[in-house]
*Asks:* 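Would you mind keeping the following structure in view while I ask a few things?
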There are 2 protein chains.
Amino acid sequence: MTTPSDATTPGRLPRWENAEVVDCDVRVAAPSVEAVQPFLAPRWQDYLAESGVRTIGSERYPRLPGTSGDLTALRDRLLDRWQTRYAVLNCGIEISSIHNEDWALAMARAVNDWLAAERLAHDPRLRGSIVVPPQSPDAAAEEIDRLAQHPGFVQVLLPVRAEAPLGKRRYWPIYEAAERHGLPVGIFAGGTSGNPTTPVGWPSYYLEDYVSYAQAFQAQVVSLVSEGVFTKYLALKVVLVEAGFTWLPGLMWRFDKNWKGLRREVPWVDRPPSEVIRDHLRLTTQPLDEPEDPQHLVETIAQLGSDDMLMFATNYPHRQFDSDEGVLPSGLPPEVEQRILAGNAHDTYRF
Amino acid sequence: MTTPSDATTPGRLPRWENAEVVDCDVRVAAPSVEAVQPFLAPRWQDYLAESGVRTIGSERYPRLPGTSGDLTALRDRLLDRWQTRYAVLNCGIEISSIHNEDWALAMARAVNDWLAAERLAHDPRLRGSIVVPPQSPDAAAEEIDRLAQHPGFVQVLLPVRAEAPLGKRRYWPIYEAAERHGLPVGIFAGGTSGNPTTPVGWPSYYLEDYVSYAQAFQAQVVSLVSEGVFTKYLALKVVLVEAGFTWLPGLMWRFDKNWKGLRREVPWVDRPPSEVIRDHLRLTTQPLDEPEDPQHLVETIAQLGSDDMLMFATNYPHRQFDSDEGVLPSGLPPEVEQRILAGNAHDTYRF
């Protein structure tokens, strides 16, 4: 994030007067321990009181404030201003950093029940992602099964900074459960796995930390394809949330080229990785890594080679764009813009 | 690398009939322990014999053969076929994986002296990079000082997979020595630092390992700029060797945007990172991450926003291109092609 939220986000563009807008990434505040406490099983309410847990997650670098949990503000500042048809709420709580697996599952369940009761039940435009403990794939699958029939949940959410590349077989129970229920898996910019945040060790500054999220997303895309996740789970869609996308064309070229030379190592990848990526990967639009020349961004979007991949998001209340115009590049063909604003989201999520 | 070398590399293109060609990345075989033994000080010759060291470096994943040390082959297959004016020899020996710092320095010195005696002395077209132990920056600076007056050495070489981000202050003695002698620092696709090769842990396949080198290069560019290396060493040039470059435009956009929001964290970065990058960073052309549509590569090269950054390389005897045409994209303006083929190398290296 470059700047924190202030009172409002910019609104929809005049040229979208009659367009349907689906917002595929709205951040919900990681609720306080007190907020989720009523949703915990009695055993865990006692545990909370006795252990003195005050917060979860970690702060490696000082950050600016970013998420706000207020429902009224969310309606006024975002949904009404944007005339949003649907908004997908992503709760970036750091379940993956809880070392006690039972406690991690209990917290994930409580957060999901809090989200359903305190948000999804209060506004028909809101949808939510299922938070799961990625460190316990079987428990994660169980939590997906528990909530899959709830019409408010439309996605399973994993942090990009995982303990291991997400294509690894240990994670497959999560994909199996998601596919079984027709839910995409969202991978969001978050996670505190313990691995250094770059492949060359820990950087010094939050600037480096944030810029390097794109590398974690690149590694996860390569892993998911190379390990054959999309060969096994043919109907699975993966949504990269707050990942940027300008790095994707170059990655597809590099990946295709090296796959040609090394494909015997991964015989289950039986077509060029870029084709697999275009069929199975979706990406939210904020933050836009904007070049000085807006035409360069239009070129890059065309280089993706598919109009089905990008899905509009404000990333509210993170404020990634300074003006109404900064929300999407201008100069896109209208039919592409429409797919980005709503069409691709409808193809991906069960609203 | 996608395919190993076979008998020949393709030759220069007919349209370059009168062009000067400088080859900025020719790999020299990491010589056997026996080959460098005569160049070791007596103490280390004894150490070698007594300790039974047979090899250095490591093999995390099975690899295809790649480097060849034969001078005759190098002349016949590369220099004569290409009518190369100068070729920069890069020796990818894994000095950084030697834990004994004195032994690491001794090996670096021996490899450099081997390179000077067995290669540089035998052909006026050959130039070399100084191998240094990055884990011992003061010793590395000493080795740079020792060889800086040798006209055959034109660059200092570091592996991209370092113990820590290369912008960190511990590495600054290396940059100070390089700048003092007017030598660029080359960062090449290699290194066995111990960090997982992706920011999300160890991948399973060499395909992933090779594709993910681009992430390590991205992290190093962000680190070098963020830590202020180019603010301190104004004349320093850094050459990324075998890094690809299609990831760079998107990285510059993302980096500039987040720097605008977070620049107070790094006040010494007093202009957009992309400007610093354009002034100080150079990249060799092989491997080309080729898209299906060659026009996309021409667009990407234009998106770099500078004609001074790319430098031609064959990456011999790695064979990254299958045909003569695969060596550079077609459709580049002739003056840009000329800068890539030789002009930028002349501005970067003291030949």
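Convention: sequence-line order gives letters A, B, ...; per-chain numbering from 1.
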*Asks:* As an exercise: rank E208(B), Q303(B), M252(B) by heavy-atom pairs under 4.5 Å with chain A and give me the winner.
*Replies:* Q303(B)
*Asks:* So among T285(B), N315(B), T284(B), which one has a side-chain hydrogen bond (donor to acceptor under 3.5 Å, both in side chains) with D25(B)?
*Replies:* N315(B)
*Asks:* At a heavy-atom separation under 4.5 Å, does V211(B) approach chain A through its side chain, its backbone, both, or neither?
*Replies:* both
*Asks:* Answer yes or no for R161(B) and Y213(B): cation-pi contact, defined as NZ/CZ to six-membered ring centre under 6.0 Å and angle to ring axis within 45°.
*Replies:*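 That pair qualifies as a cation-pi contact.
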*Asks:* Which of parallel (below 30°), tilted (30 to 60°) and perpendicular (above 60°) describes Y206(A) and Y210(A)?
*Replies:* tilted
*Asks:* Backbone N or O of V269(B) within a donor-acceptor pair of the W259(B) side chain at under 3.5 Å?
*Replies:* yes
*Asks:* Which of parallel (below 30°), tilted (30 to 60°) and perpendicular (above 60°) describes Y233(A) and W172(A)?
*Replies:*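 The arrangement is perpendicular - the two ring planes meet at more than 60°.
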*Asks:* Which one of A164(A), P272(A), P291(A) has the most heavy-atom pairs closer than 4.5 Å to chain B?
*Replies:*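 Ranked by contacts with chain B, first place is P291(A).
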*Asks:* Show your reasoning for whether side chain to side chain contact (heavy atoms under 4.5 Å, CB included) applies to E265(B) and L262(B).
*Replies:* CA-CA 6 Å; E265(B) 205 185 15; L262(B) 295 165; 4.3 Å; yes
*Asks:* Look at the side chain of R27(A) and the backbone N and O of P317(A), then say whether any donor-acceptor pair between them is shorter than 3.5 Å.
*Replies:* no
*Asks:* Quick one: which of A219(A), S223(A), P196(A), S212(A) has the most heavy-atom pairs under 4.5 Å with chain B, could you say?
*Replies:*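 Top option by heavy-atom pairs under 4.5 Å: A219(A).
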*Asks:* Which atoms of A214(A) are under 4.5 Å from chain B, going by heavy atoms: the side chain, the backbone, both sets, or neither?
*Replies:* both
*Asks:* What option among K168(B), Q215(B), E292(B), Q295(B) has the most heavy-atom pairs under 4.5 Å with chain A?
*Replies:* Q215(B)
*Asks:* Where does E163(B) contact chain A at under 4.5 Å (heavy atoms): side chain, backbone, both or neither?
*Replies:*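 Backbone of E163(B) only, per the 4.5 Å heavy-atom cut-off to chain A.
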*Asks:* Among G250(B), S226(B), A302(B), G167(B), which residue has the highest count of heavy-atom pairs closer than 4.5 Å to chain A?
*Replies:* S226(B)
*Asks:* In terms of heavy-atom pairs under 4.5 Å, which option from L251(A), V225(A), V266(A), L248(A) contacts chain B the most?
*Replies:* V266(A)
*Asks:* State whether the side chain of E299(B) and the backbone N or O of H296(A) hold a donor-acceptor pair below 3.5 Å, judged by distance alone.
*Replies:*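 Such a contact is absent between E299(B) side chain and H296(A) backbone.
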*Asks:* Taking the inter-plane angle between the rings of F217(A) and W247(A) on a 0 to 90° scale, is it parallel (under 30°), tilted (30 to 60°) or perpendicular (over 60°)?
*Replies:* parallel
*Asks:* Measure A216(B) against the heavy atoms of chain A and call it side chain, backbone, both or neither at under 4.5 Å.
*Replies:* both
*Asks:* Quick one: which of S274(A), P249(A), P165(A), G201(A) has the most heavy-atom pairs under 4.5 Å with chain B, could you say?
*Replies:* P165(A)
*Asks:* Among L166(B), V222(B), L207(B), T198(B), single out the residue with the greatest number of heavy-atom pairs under 4.5 Å to chain A.
*Replies:* L207(B)
*Asks:* What part of V160(B) gets closer than 4.5 Å to chain A, counting heavy atoms only: side chain, backbone, both or neither?
*Replies:*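 Only the backbone of V160(B) comes within 4.5 Å of chain A.
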